[in-house]
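Since the structure is predicted, the reported quantities are computational estimates derived from the model, not experimental observations. Just so you know, ligand 1 is whichever comes first in the structure, and atom 1 is the first atom listed for that ligand. All residue numbers refer to positions in the sequence shown, counting from 1.
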Amino acid sequence: MQLLDGVLVSGHIKEQIKQEAIDWQAAGGKKPHLAAILVGNNPASEAYVGSKVKHCDELGFDSTLLRLPSETTEAALIAEVQRLNEDPAVDGILVQLPLPEHISPDSVINAIDPGKDVDGFHPISQGRMVLGQPTFLPATPYGIMLMLEYYKINTSGMHCVVIGRSNIVGTPMSVLMSRASNPGNATVTLCHSRTRNLKDFTLNADIIIAAIGKPRYVTADMVKPGAIVIDVGINRIEDASRKSGSRLVGDVDFDNVAPLCSYITPVPKGVGLMTICGLMKNTLQAAKQKGI
Ligand code: GUN
């Protein structure tokens with residue numbers, strides 16, 4: 001079993017991004033600038049947005065974090081998005097999800113200028129992705145593709161089972177893995193909450209991508225020996241042995257599944273770090289698209 005090491009791979013990719021941004025600026029290009037909007041104070045979202053801003057600093061990008069109260073109206077949030085759309089200093093815009101119940105994420109995402117949609121969530125970005133046209137790829141699936149590429153894992157002809165059909169991870173992941181590219185060229189099965197006999201599918205998988213949001217849901221009896229397992233889950237569970245009283249686990253029962261696998265991502269220090277790489281690559285691309 002080989003661990004797919006998010007620390008190692010994201011370290012390499014961040015060095016590449018940093019150098020590319022330096023070269024771009026030396027050639028007269030603009031310093032990339034990411035603007036993030038956080039509505040309310042969901043602790044997990046606070047942590048994710050904080051990490052995104054920190055990485056901008058680390059890579060020499062500018063960043064703006066706009067914090068709005070949870071009672072912000074949809075119209076007020078869309079007005080802020082439109083203001084950032086118009087701001088020539090801003091290259092990339094992300095609105096951290098989930099949003100409070102009274103705000104439609106679709107309406108907000110649709111308001112983002114597709115040229116600044118570094119999360120790749122806008123219908124235009126997703127449509128281009130499905131058609132295989134150049135676009136911003138959603139950060140987590142993009143990061144997973146970068147990780148498979150780094151380890152030179154040839155997924156051509158593999159049976160890839162994606163568990164979870166979210167717009168953010170499962171659905172775009174299924175598209176990217178089935179595309180005529182490497183990584184890609186896989187035969188993809190997209191499983192979800194209504195799938196009957198999930199195990200019948202996972203036991204036939206050469207690669208499992210788990211994005212369900214349920215702690216340790218994928219157990220050893222569901223995994224074929226030699227399979228590749230990519231764990232997208234970040235779930236906080238109680239753990240009395242920890243000072244904090246809790247710890248993070250993935251959607252995969254790592255301790256029991258790992259010995260079966262050819263490759264597996266850990267949680268933490270796996271896919272989460274790759275998501276940041278995807279976002280930062282998109283932000284640099286957004287700045288470069290403006291030209292010199
Ligand atoms: N919430 C969970 N993942 C993401 C992400 O990749 N982008 C945004 N904006 N919100 C998220």
Side-chain angles (χ1 to χ4, degrees), residues 6 10 13 33-56 61 63-68 70 72 74 77-78 80-81 84-85 90-101 103-114 116-126 129 135-147 162 164-173 175-176 209-214 230-236 248 250-251 265 267-268 270-283 285-286:
S10 69
I13 291 176
H33 183 162
L34 174 69
I37 306 182
L38 176 61
V39 185
N41 43 18
N42 175 317
S45 294
E46 293 260 5
Y48 295 144
V49 170
S51 171
K52 290 168 187 178
V53 168
K54 187 176 88 50
H55 277 87
C56 284
F61 293 8
S63 65
T64 302
L65 171 56
L66 199 61
R67 289 172 165 278
L68 300 174
S70 53
T72 302
E74 184 176 298
L77 176 55
I78 288 174
E80 286 298 343
V81 168
L84 294 170
N85 286 343
V90 170
D91 303 302
I93 302 169
L94 75 84
V95 179
Q96 189 64 31
L97 304 177
L99 289 166
E101 290 270 305
I103 301 177
S104 151
D106 284 350
S107 303
V108 175
I109 288 165
N110 290 354
I112 296 172
D113 174 352
K116 297 189 177 187
D117 175 36
V118 288
D119 255 336
F121 294 169
H122 191 283
I124 288 185
S125 306
Q126 298 247 350
M129 177 196 65
T135 188
F136 298 115
L137 299 177
T140 299
Y142 188 13
I144 291 169
M145 299 303 271
L146 292 169
M147 182 169 250
V162 178
R165 58 181 159 184
S166 71
N167 291 341
I168 295 179
V169 184
T171 297
M173 197 73 243
V175 171
L176 294 178
I209 302 178
I212 320 144
K214 292 186 180 165
I230 308 290
D231 190 349
V232 182
I234 304 178
N235 310 288
R236 190 163 286 285
L248 294 178
D251 290 350
T265 61
V267 177
V271 170
L273 296 172
M274 299 309 301
T275 296
I276 297 275
C277 289
L279 176 67
M280 295 297 144
K281 276 178 86 81
N282 282 343
T283 304
Q285 185 189 324

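- When all heavy atoms are compared, the tightest approach of Leu38 to Ser45 is CD1-CB, 3.7 Å.
- Looking only at distances, no side-chain donor or acceptor of Lys52 sits under 3.5 Å from a matching main-chain atom of Leu34.
- Annotation: atom 11 (C) of ligand 1 to nearest protein heavy atom, Gln96 NE2, 3.3 Å.
- Of all the listed residues (Ile276, Val232, Leu97, Ile234), Leu97 holds the heavy atom that lies closest to atom 1 (N) of ligand 1.
- Atom 9 (N) of ligand 1 has its nearest heavy-atom neighbour, among Ile168, Asp119, Ile37, in Asp119.
- Using a 4.0 Å cut-off to heavy atoms of Phe121, the atoms of ligand 1 that qualify are 5 (C), 6 (O), 7 (N), 8 (C), 9 (N).
- A pairwise comparison of heavy atoms in Phe136 and Asn282 identifies CE2-O, 3.3 Å as the closest pair.
- Of the possible polar contacts, none joining the Asp251 side chain to the Asp231 backbone as a donor-acceptor pair under 3.5 Å is found.
- Of the inter-residue distances, the one linking Leu273 atom CG with Ile13 atom CD1 reads 11.0 Å to the nearest 0.5 angstrom.
- Ligand 1 has no nitrogen or oxygen under 3.5 angstrom from a nitrogen or oxygen of Thr275.
- Taking only nitrogen or oxygen atoms, main chain and side chain alike, Val95 reaches within less than 3.5 Å of ligand 1.
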